[in-house]
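Remember, it's a predicted structure, so these values are computed and weren't measured experimentally. Count residues from 1 along the sequence.
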Amino acid sequence: MQLTQFTDYSLRLLIYLARLPEPGMATISEIAEYHQISRNHLVKVANSLANQGFIMTTRGKGGGIQLSRPANTIGVGEVVRRTEVNMNLVECFDTPSNQCRLTRDCFLKAMLYEAQRAFMAVLDKYSLADAARFGVRVDLSALSEDPSSSA
């Protein structure tokens, strides 16, 4: 599974805001410069996040964006669900448009669905506050180990 760039930028924007000291206000230009990403794309992301109630925007001099509620109450899984347009790992997960010829004899659908649920369950364990506390140099090597080799 690969998250869209839109979801990636949404999470980066929200985590940036979660890491700020109170009152936690920043500008889109500041965040775009920090992450070295397109300001125009980030404007669209911020607009969507504001419409969904994740952030508040203040216009004018001294304005900016800030989280609309405490970072520990915003789940990473919630953000992903609300920013990803299509969470279907395979075509057959979308029943109305499914054209897969293998659906009737498919042995993978149940496993793939379980994997998707597990992916989201892990994200649901974390809030933006948790993500903001993780360092940028987190050792991910343990995550890439083959679980069957530890027997």
Chemist: Rounded to the nearest 0.5 Å, how far does OH of Tyr34 lie from OG1 of Thr27?
Modeler: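 Thr27 OG1 to Tyr34 OH: 14.0 Å, rounded to 0.5 Å.
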Chemist: Would you say the side-chain atoms of Gln66 pair up with the backbone N or O of Thr57, donor to acceptor, closer than 3.5 Å?
Modeler: no
Chemist: Rounded to the nearest 0.5 Å, how far apart are CG of Leu20 and CD1 of Ile15?
Modeler: 12.0 Å
Chemist: Just how far is it from atom CD1 of Ile65 to atom CG of Leu13, taken to the nearest 0.5 Å?
Modeler: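 Output value for this atom pair is 4.0 Å.
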Chemist: Please examine the side chains of Val45 and Phe6, heavy atoms only from C-beta on, and report whether any two atoms are closer than 4.5 Å.
Modeler: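 Sidechains of Val45 and Phe6: in contact.
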Chemist: With a 4.5 Å limit on heavy-atom distance, are the side chains of Leu14 and Leu128 in contact?
Modeler: yes
Chemist: Do Met56 and Phe54 belong together in a cluster built from hydrophobic side chains that touch within less than 4.5 Å?
Modeler: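 They do not share one cluster, since no chain of ILVMFWY contacts under 4.5 Å joins Met56 to Phe54.
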Chemist: For Ser10 and Thr7, does a side-chain donor sit closer than 3.5 Å to a side-chain acceptor?
Modeler: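 Result is no, nothing qualifies.
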Chemist: Tell me whether Asn47 contacts the main-chain N or O of Val43 through its side chain, where contact means a donor paired with an acceptor under 3.5 Å.
Modeler: no
Chemist: More than 12 foreign heavy atoms under 6.0 Å from CD of Glu33: is that the case here?
Modeler: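 Incorrect, the count does not exceed 12.
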Chemist: Evaluate the side-chain proximity of Ile28 to Arg39: yes if any heavy-atom separation is below 4.5 Å, no if none is.
Modeler: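 The answer is yes; the side chains approach within 4.5 Å.
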Chemist: For the residue pair Gln5 / Tyr9, report whether a side-chain donor-acceptor contact shorter than 3.5 Å exists.
Modeler: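 Yes, a side-chain donor-acceptor pair sits under 3.5 Å.
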Chemist: Quick one: does any side-chain atom of Ser68 pair with a main-chain N or O of Gly53 as donor and acceptor, under 3.5 Å?
Modeler: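 It does hold such a pair.
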Chemist: Salt bridge check: are Asp124 and Arg117 linked by an N-O gap of less than 4.0 Å?
Modeler: no
Chemist: Out of curiosity, Met25 CE to Leu67 CG, how far, rounded to the nearest 0.5 Å?
Modeler: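 Met25 CE to Leu67 CG: 11.0 Å, rounded to 0.5 Å.
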Chemist: When you compare the side chain of Val122 with that of Val76, does any pair of heavy atoms fall below 4.5 Å?
Modeler: no
Chemist: Could you go through Arg69 and Glu78, starting from their C-alpha distance and side-chain angles, then the distance that decides it, and tell me whether this counts as salt bridge (Lys or Arg N to Asp or Glu O under 4.0 Å)?
Modeler: CA-CA 14 Å; Arg69 58 187 210 249; Glu78 174 189 4; 2.7 Å; yes
Chemist: May I ask you to test the Leu17-Ile31 pair for a side-chain heavy-atom distance under 4.5 Å?
Modeler: yes
Chemist: Heavy atoms only: give me the nearest Ala18-Ala132 pair and the separation to one decimal.
Modeler: CB-CB, 3.9 Å
Chemist: Can you tell if the side chain of Thr83 reaches within under 4.5 Å of the side chain of Leu49, non-hydrogen atoms only?
Modeler: yes
